[in-house]
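The structure appears right after this line, and notes come after that.
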Amino acid sequence: MGRGLDDVDRGLAAALQEDARQTNAELGRCVGLAPSSAHERIRRMEEGGHIRGYHARLNPGSFDLGVTAYVFVDAGDIASESRVGEGLKGIPGVQEIHHIAGEDCFLVKIWAEDTGSLGKRLRSEFAAAGAQSTRTTIVLETILESAGIPLNVARATDAGADDQGPSLPEPAP
């Protein structure tokens, strides 16, 4: 278990991942704690960097961002990688930047209005960031997208809970 997190912390994290708008009382019920104890543990996880923030997950299509693309970026040489990575962070629509091993230096997830605006960003903003070359894959359909991480926290009603980790009480209806 990582960095001082126990089964109760992991249970709270799992409950927050499912619905971060729950009250401290609801979160406490998920793991068998009083609301004040749940609040204190969550505060410690926030201060310890285990919880990075709380965000609304928006539908990009509702905001005229109809194209999702993954762009492989070559920075040219090792000396340029840091500068290019920093430059990529300022491009509108960029959602993720991963420094990767292999033929390219970075894998970038970007949302754009349409293929025309994506093309313009690739030619101007990616070039201005220092990209020597790019290869782009456009998403046709998103089957699954999640910001959640697997915590392997089993609920008390899960079959085989002994094999999957701690068993936590179910939240009250």
Side-chain angles (χ1 to χ4, degrees), residues 1-71 73 81-101 105-113 121 125 129 137 139 141-173:
M1 200 158 311
R3 298 189 181 125
L5 296 178
D6 63 15
D7 291 344
V8 174
D9 292 330
R10 293 171 78 80
L12 285 168
L16 284 168
Q17 230 176 207
E18 284 180 32
D19 180 4
R21 295 182 63 164
Q22 295 180 73
T23 66
N24 288 324
E26 292 167 327
L27 292 165
R29 276 194 297 274
C30 289
V31 295
L33 290 178
S36 59
S37 296
H39 174 74
E40 179 60 25
R41 280 179 175 258
I42 291 167
R43 186 190 60 74
R44 281 196 312 248
M45 286 191 288
E46 291 168 344
E47 290 174 356
H50 304 291
I51 296 174
R52 295 182 179 174
Y54 303 91
H55 310 279
R57 291 194 39 121
L58 304 176
N59 177 354
S62 297
F63 297 89
D64 298 324
L65 297 170
V67 173
T68 304
Y70 289 89
V71 182
V73 178
E81 287 180 7
S82 180
R83 178 181 50 79
V84 172
E86 285 299 311
L88 293 171
K89 290 190 326 189
I91 297 174
V94 167
Q95 294 302 300
E96 300 174 12
I97 303 169
H98 303 279
H99 190 212
I100 59 173
C105 301
F106 299 100
L107 175 60
V108 177
K109 178 182 179 182
I110 185 168
W111 286 326
E113 297 80 5
R121 283 203 189 113
E125 292 157 0
T137 299
V139 174
E141 178 184 14
T142 299
I143 308 301
L144 173 68
E145 183 176 62
S146 172
I149 61 172
L151 293 174
N152 296 324
V153 176
R155 299 288 183 182
T157 58
D158 287 348
D162 292 339
D163 298 330
Q164 298 178 11
S167 180
L168 300 171
E170 280 292 316

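Quick caveat: nothing in here was measured; it's all calculated off a predicted structure.
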Closest contact, heavy atoms only, Val139 versus Thr142:
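In this case the closest contact between Val139 and Thr142 is CG1-OG1, 3.7 Å.
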So which heavy atom on Cys105 is nearest to which on His99, and how close?
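Taking every non-hydrogen atom into account, O-CD2, 3.0 Å.
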Identify each donor-acceptor pair in which a side-chain atom of residues 60-70 lies under 3.5 Å from a protein atom, sequence neighbours left out, and give them as a table.
from	atom 1	to	atom 2	distance (Å)
Thr68	OG1	Trp111	NE1	3.1

Once you round to the nearest 0.5 Å, how far does [atom1] of [X] lie from [atom2] of [Y]?
| X | Y | atom1 | atom2 | result |
| --- | --- | --- | --- | --- |
| Cys30 | Gln22 | SG | CD | 5.0 Å |
| Leu16 | Ile51 | CG | CD1 | 5.0 Å |
| Arg29 | Asn24 | CZ | CG | 11.0 Å |

Please name all residues satisfying side chain to side chain donor-acceptor pair (under 3.5 Å) with Glu125, sequence neighbours left out, ordered by chain then number.
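Testing Glu125 for side chain to side chain donor-acceptor pair (under 3.5 Å), a comparison that skips the adjacent residues, returns none.
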List in chain and number order the residues that pass side chain to side chain donor-acceptor pair (under 3.5 Å) with Glu46, two or more places apart in sequence or in another chain; answer none if no residue qualifies.
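Scan of Glu46 (side chain to side chain donor-acceptor pair (under 3.5 Å), adjacent residues dropped) gives Tyr54.
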Residues in salt bridge (charged side-chain N to carboxylate O under 4.0 Å, His left out) contact with Arg57, at least two apart in sequence or another chain:
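For Arg57 the salt bridge (charged side-chain N to carboxylate O under 4.0 Å, His left out) partners, ignoring immediate neighbours, are Glu145.
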With sequence neighbours left out, write down each residue that passes salt bridge (charged side-chain N to carboxylate O under 4.0 Å, His left out) with Glu141, or none if nothing qualifies.
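Salt bridge (charged side-chain N to carboxylate O under 4.0 Å, His left out) check on Glu141 returns nothing, list empty.
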Among Leu12, Leu33, Asp19, which residue satisfies the side chain to side chain contact (heavy atoms under 4.5 Å, CB included) criterion with Leu27?
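The single option meeting the side chain to side chain contact (heavy atoms under 4.5 Å, CB included) with Leu27 is Leu12.
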Residue that, paired with Leu5, satisfies side chain to side chain contact (heavy atoms under 4.5 Å, CB included) out of His50, Arg44, Arg41
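Per the side chain to side chain contact (heavy atoms under 4.5 Å, CB included) rule, the option paired with Leu5 is His50, out of His50, Arg44, Arg41.
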Distance-only criterion, 3.5 Å: show the donor-acceptor pairs between side-chain atoms of residues 82-92 and protein atoms not counting sequence neighbours.
from	atom 1	to	atom 2	distance (Å)
Arg83	NH2	Ser80	OG	3.4
Glu86	OE1	Lys89	NZ	3.3
Glu86	OE2	Lys89	NZ	3.1

